[in-house]
Amino acid sequence: MNLHISKSKNSESFYIAKSYVKANGCTTSTIVRKLGTLDQLIAEHGPTRDNVLAWAKQEVKAETEKYKKEKEAKTVLIPFHADRQLDYEKQVFFRGGYLFLQSVYYQMHMDKICRKLKMKYKFRYDINAVLSDLIYARILEPSSKRSSFKAALEFLEKPSYSLHDIYRALDVLGNECDLIQSEVYKNSHFLGTRNDKVLYYDCSNYYFEIEQEDGSKKYGKSKEHRPNPIIQMGLFMDGDGIPLAFSLFPGNANEQTSLKPLEKKVLGEFGCQKFIYCSDAGLGSEDIRVYNHMGERAYIVTQSIKKLKKEEKEWALDTKGFKRVSDDKPVDITRPPADDKGLYYKDEPYTTKKLHQRLIITYSPKYALYQKNIRGRQVERAQKMLDFGNTKKNRKNPNDPARFIGTAAATKEGEAASIHYYLDENKIEEESQYDGLYAVCTDLLDDEISDILKVSEGRWQIEECFRIMKTDFSARPVYLQNENRIKAHFLVCFLALTVYRFLEKKLDSKYTCEELLDALKAMNFVEVKEQGFIPTYKRETITDALHDACGFRTDYQFITKSKMKNIQKKSKGRE
């Protein structure tokens with residue numbers, strides 16, 4: 001739109017005009033609205049011609065904005081021909097769920113980290129495009145690097161790199177793994193304050209589709225009980241369930257040795273000095289507790305009741321001395337209400353040669369009933385095994401029902417001993433002592449019990465992190481052989497988990513992992529005659545929540561190409 005002024009001998013008229021191109025290619029204009037003559041407008045918007053001119057320009061601007069809105073909102077008519085075939089090798093399907101992941105990726109300033117790497121290594125390919133696509137593909141279509149490249153070709157923004165650039169980038173990512181982790185932690189504060197006053201630590205392992213050990217890929221105790229060589233990962237997570245740092249170590253190494261090197265990086269490179277270390281009993285040895293008793297750190301770790309010394313064990317199993325967590329009133333846990341779902345505790349000082357600690361024993365009637373029911377079904381299976389003569393034990397599985405099958409040697413004078421199998425009631429009774437009981441050990445001697453238990457209960461989130469990486473992001477099996485590229489593979493998985501967790505947090509954790517991933521994977525588009533895109537997904541509450549959290553919308557009946565480009569810019573914070 002523009003201002004058109006027509007002058008005659010006796011008057012001066014003001015118009016709003018619009019230019020357009022005719023079919024023959026010539027440019028012309030048409031009058032959209034007459035504003036009036038100078039004399040008329042001076043009477044209304046005077047007192048001078050300059051005042052009228054300023055007013056007229058504002059009217060042109062308003063008319064232009066109105067036209068743009070009407071243009072965007074107008075009905076789009078696109079002709080289709082029933083007798084015309086599809087264009088040969090013309091792509092019409094595009095994935096759009098990555099846009100929401102991209103919003104988090106750029107809020108973490110991952111592009112700036114990649115810019116630093118590019119300046120350091122002086123390579124020509126776009127490592128930011130490579131890394132971002134690998135992360136999006138790991139979440140939406142987890143597969144090999146080659147398949148990830150094919151998946152990225154279906155994104156609304158196609159890769160600006162070649163397949164061989166991915167493998168080049170893996171070498172760089174592996175080399176700079178520690179730097180990237182520390183930079184991601186620092187940049188993550190742009191998304192809000194990190195809950196790094198509590199850090200959870202745990203380990204898991206990942207198997208390789210190989211038969212022989214090689215490098216860090218060693219035979220060890222696999223979580224999946226597979227015979228393949230494995231590599232182990234140690235992971236720190238903050239109090240909100242968002243990954244903080246990770247490290248890799250050989251498959252045959254003791255997982256307790258993995259903690260100190262990684263924690264030193266967190267203390268030094270991340271700047272985290274004051275936090276509560278929280279882990280399960282397997283990563284809570286006395287040496288680890290002593291290490292986390294130094295400086296401004298503290299610890300809360302689970303404690304195996306079975307491994308306590310005789311005196312402490314007898315005290316833990318004694319039903320006397322329990323109090324209700326909610327109001328600190330004494331209770332008799334042998335006679336709780338039938339529908340009681342409360343939590344009870346007792347605590348006492350627990351001193352070793354190196355530490356003054358606090359041992360907390362909790363009892364949950366609900367958990368006790370759950371364990372009793374599980375064991376009851378296992379006892380039934382053990383009896384069936386006896387009935388059918390199947391007494392073989394699976395030593396790898398601590399929940400194997402055969403553990404309730406006892407053996408006794410019966411002999412007659414002068415004859416060889418024969419083995420007699422029976423249901424071991426003593427074993428059943430021994431296990432029932434621990435029903436509903438849970439132990440926590442800490443050096444927080446004066447803190448409230450409810451606060452300590454709340455921190456300890458958060459450990460389930462780090463177990464969920466490993467489950468998401470393994471199951472939803474298919475982090476294993478690993479097919480790479482080069483040590484550096486293996487490290488890069490797990491870095492991509494770690495960053496994918498971090499991006500996903502932040503997106504989950506933006507949605508206030510209202511949706512399960514399955515619901516959120518299904519929604520992202522379904523948010524696809526079909527291009528129509530190079531004019532724009534039609535969403536193919538179903539609008540639901542979760543898609544509305546995603547749009548609201550990320551600040552753009554893709555749920556229109558039709559999206560023009562120019563509007564889609566604006567959406568892509570918004571997802572990168574470049575409005």
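We're numbering straight along the sequence, starting at 1.
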**Student:** Does Arg476 reach the main-chain N or O of Lys470 with its side chain, forming a donor-acceptor pair under 3.5 Å?
**Tutor:**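 Checked: pair present.
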
**Student:** Apply side-chain hydrogen bond (donor to acceptor under 3.5 Å, both in side chains) to residues Glu176 and Tyr121 and explain how you reach the verdict.
**Tutor:** CA-CA 11 Å; Glu176 302 295 339; Tyr121 287 88; 2.6 Å; yes

**Student:** Side chains of Arg553 and Asp544, heavy atoms from C-beta outward: is any pair under 4.5 Å?
**Tutor:**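 The answer is yes, as the side chains (C-beta and beyond) meet within the 4.5 Å cut-off.
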
**Student:** Check side-chain hydrogen bond (donor to acceptor under 3.5 Å, both in side chains) between Lys197 and all other residues, then give those that pass, not counting sequence neighbours.
**Tutor:**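 Not a single residue meets the side-chain hydrogen bond (donor to acceptor under 3.5 Å, both in side chains) criterion with Lys197.
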
**Student:** Quick one: are Leu134 and Leu495 in side-chain contact, heavy atoms under 4.5 Å?
**Tutor:**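 Answer no - side chains too far apart.
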
**Student:** Using only atom types and a distance under 3.5 Å, with no angle test, would you say the side chain of Lys122 pairs donor to acceptor with the backbone of Met119?
**Tutor:** yes

**Student:** Does either side chain, that of Glu157 or that of Tyr98, offer a donor lying less than 3.5 Å from an acceptor on the other one?
**Tutor:** yes

**Student:** Could you pull out the closest heavy-atom pair between Cys278 and Ser456, with the gap in Å?
**Tutor:**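 Scanning both residues, the minimum pair turns out to be SG-CA, 4.0 Å.
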
**Student:** Taking atom types as modelled, is there a side-chain donor on Tyr106 or Asn128 under 3.5 Å from an acceptor on the other?
**Tutor:** yes

**Student:** Can you label the angle between the Tyr185 ring and the His189 ring as parallel, tilted or perpendicular, going by 30° and 60°?
**Tutor:** perpendicular

**Student:** Do the side chain of Gln232 and the main chain of Ala253 share a donor and acceptor less than 3.5 angstrom apart?
**Tutor:**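 At least one qualifying donor-acceptor pair exists.
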
**Student:** Side chains of residues 520-529: which donor-acceptor partners sit under 3.5 Å, not counting sequence neighbours?
**Tutor:**
{"from": "Asn524", "atom 1": "ND2", "to": "Lys521", "atom 2": "O", "distance (Å)": "3.1"}
{"from": "Glu527", "atom 1": "OE2", "to": "Lys561", "atom 2": "NZ", "distance (Å)": "3.0"}

**Student:** Can you measure from OG (Ser103) to CD (Gln568) and round to the nearest 0.5 angstrom?
**Tutor:**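 Ser103 OG to Gln568 CD: 13.5 Å, rounded to 0.5 Å.
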
**Student:** Hey, could you give me the CG/CD1 distance between Leu517 and Ile139, rounded to the nearest 0.5 Å?
**Tutor:** 7.5 Å

**Student:** With no hydrogens and no angle check, is any side-chain donor or acceptor of Asn484 less than 3.5 Å from a backbone partner on Lys487?
**Tutor:**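 Here the side-chain-to-backbone pair does not exist.
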
**Student:** Identify the heavy atoms of His4 and Ala17 that sit nearest to each other, and give their distance.
**Tutor:**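 Distance-wise, the nearest heavy atoms are CB-CB, 4.1 Å.
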
**Student:** Could you tell me which non-hydrogen atom of Arg194 sits nearest to which non-hydrogen atom of Pro243, and how far apart they are?
**Tutor:**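 What the structure gives for the nearest pair is NH2-O, 3.0 Å.
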
**Student:** Phe494 vs Cys177, test: side-chain contact (heavy atoms from CB on, under 4.5 Å). Steps then yes/no.
**Tutor:** CA-CA 11 Å; Phe494 168 82; Cys177 183; over 6 Å; no

**Student:** Please lay out, stage by stage, how Tyr105 and Phe502 fare under the test side-chain contact (heavy atoms from CB on, under 4.5 Å).
**Tutor:** CA-CA 9 Å; Tyr105 179 92; Phe502 271 118; over 6 Å; no

**Student:** Between Arg138 and Ser143 (side chain of the first, backbone of the second, donor and acceptor by atom type, cut-off under 3.5 Å), is there such a pair?
**Tutor:** yes

**Student:** Between His109 (side chain only) and Glu183 (backbone N and O only), is there a donor and an acceptor less than 3.5 Å apart?
**Tutor:** no

**Student:** In chain order, what residues pass the side-chain hydrogen bond (donor to acceptor under 3.5 Å, both in side chains) check against Asn195, with sequence neighbours excluded?
**Tutor:** Asp240

**Student:** Please list every donor-acceptor pair under 3.5 Å in which a side-chain atom of residues 163-173 meets a protein atom from a residue at least two apart or in another chain.
**Tutor:**
{"from": "Asp165", "atom 1": "OD1", "to": "Arg168", "atom 2": "NH1", "distance (Å)": "3.4"}
{"from": "Asp165", "atom 1": "OD2", "to": "Ser162", "atom 2": "N", "distance (Å)": "3.0"}
{"from": "Asp171", "atom 1": "OD1", "to": "Arg485", "atom 2": "NE", "distance (Å)": "3.1"}
{"from": "Asp171", "atom 1": "OD2", "to": "Arg485", "atom 2": "NH2", "distance (Å)": "3.3"}

**Student:** Please examine the side chains of Gln273 and Leu267, heavy atoms only from C-beta on, and report whether any two atoms are closer than 4.5 Å.
**Tutor:** yes

**Student:** Keeping Thr471 on the side-chain end and Ile468 on the backbone end, is there a donor-acceptor pair under 3.5 Å?
**Tutor:** no

**Student:** Could you tell me whether a side-chain N or O of Ser509 sits under 3.5 Å from a main-chain N or O of Lys505, the two making a donor and an acceptor?
**Tutor:** no

**Student:** Hey, are Asp472 and Tyr500 close enough side-chain-wise for a donor-acceptor pair under 3.5 Å?
**Tutor:** no

**Student:** So how far is it from Cys272 SG to Glu296 CD, rounded to the nearest 0.5 Å?
**Tutor:**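 Output value for this atom pair is 12.0 Å.
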
**Student:** Are more than 12 heavy atoms, taken from residues, nucleotides or ligands other than Arg49, located less than 6.0 Å from that residue's CZ atom?
**Tutor:**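 Above 12, so yes.
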
**Student:** For Asn187 and Met108, work out which heavy atoms get closest and say how close.
**Tutor:** CB-O, 2.9 Å

**Student:** Leu503 and Leu101: which non-hydrogen atoms are nearest, and at how many Å?
**Tutor:**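 Heavy atoms only, the tightest pair is CD2-CD2, 3.8 Å.
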
**Student:** Donor-acceptor pair, Gln531 side chain versus Thr560 backbone, under 3.5 Å?
**Tutor:**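 A pair under 3.5 Å: no.
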
**Student:** With rounding to the nearest 0.5 Å, note down the distance linking CG in Leu117 to CG in Leu131.
**Tutor:** 8.5 Å

**Student:** Does Pro261 reach the side chain of Ser247, with side-chain heavy atoms less than 4.5 Å apart?
**Tutor:**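 The answer is no, as the side chains (C-beta and beyond) never meet within the 4.5 Å cut-off.
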
**Student:** Grab the two heavy atoms, one from Cys513 and one from Arg467, that are nearest each other, plus how far apart they are.
**Tutor:** CB-NH2, 4.0 Å

**Student:** Are Glu483 and Ser216 side-chain neighbours, meaning at least one heavy-atom pair lies under 4.5 Å?
**Tutor:**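 The answer is yes; the side chains approach within 4.5 Å.
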
**Student:** Salt-bridged, Arg501 to Glu504, with N to O below 4.0 Å?
**Tutor:** yes

**Student:** Kindly check if the number of other-residue, nucleotide or ligand heavy atoms within 6.0 Å of CD (Gln91) is above 12?
**Tutor:** yes

**Student:** Under a 3.5 Å distance rule, please check whether Tyr136 uses its side chain to pair with a backbone N or O of Glu141 as donor and acceptor.
**Tutor:**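 Side chain of Tyr136 to backbone of Glu141, a donor-acceptor pair under 3.5 Å: no, none is there.
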
**Student:** Test of understanding: with side-chain hydrogen bond (donor to acceptor under 3.5 Å, both in side chains), list the residues that count as partners of Asn51, not counting sequence neighbours.
**Tutor:** Thr48

**Student:** Parallel under 30°, tilted from 30 to 60°, perpendicular over 60°: which one fits the rings of His547 and Phe552?
**Tutor:** perpendicular

**Student:** Report the C-alpha distance between Thr498 and Ile242 in whole Å, list the side-chain angles of each, state the deciding distance to 0.1 Å, and finish with yes or no for side-chain contact (heavy atoms from CB on, under 4.5 Å).
**Tutor:** CA-CA 6 Å; Thr498 305; Ile242 298 173; 4.2 Å; yes

**Student:** Between Tyr201 and Phe236, how do the two ring planes meet: parallel, tilted or perpendicular, split at 30° and 60°?
**Tutor:**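 Geometry flag for Phe236 against Tyr201: tilted rings.
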
**Student:** Centre-to-centre under 6.0 Å for Phe490 and Phe246, is that the case here?
**Tutor:** no

**Student:** What's the spacing between Met1 CE and Leu3 CG if we round to 0.5 Å?
**Tutor:**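 Between Met1 CE and Leu3 CG, I get 12.5 Å after rounding to 0.5 Å.
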
**Student:** Does a side-chain heavy-atom distance below 4.5 Å link Lys563 with Phe533?
**Tutor:** no

**Student:** Kindly write out the residues that satisfy side-chain hydrogen bond (donor to acceptor under 3.5 Å, both in side chains) with Ser571, not counting sequence neighbours, or none if the list is empty.
**Tutor:** Gln102

**Student:** Would you compute the distance between atom CG of Leu244 and atom CG of Leu199 and round it to the nearest 0.5 angstrom?
**Tutor:** 5.5 Å

**Student:** Would Glu464 and Met237 satisfy side-chain contact (heavy atoms from CB on, under 4.5 Å), going step by step from the backbone distance to the final call?
**Tutor:** CA-CA 11 Å; Glu464 186 183 51; Met237 178 197 81; over 6 Å; no

**Student:** If you count the non-hydrogen atoms of other residues, nucleotides and ligands that lie under 6.0 Å from NZ in Lys565, is the total more than 12?
**Tutor:** no

**Student:** Measure the shortest side-chain to side-chain distance between Arg297 and Phe275 over non-hydrogen atoms and say whether it is less than 4.5 angstrom.
**Tutor:**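 Yes, at least one pair of side-chain atoms sits under 4.5 Å.
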
**Student:** Within the structure provided, determine whether Leu38 and Ser11 are in side-chain contact (heavy-atom separation under 4.5 Å).
**Tutor:** no

**Student:** Around atom CD of Glu514, are there more than 12 heavy atoms of other residues, nucleotides or ligands at under 6.0 Å?
**Tutor:**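 Not more than 12 within 6.0 Å, no.
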
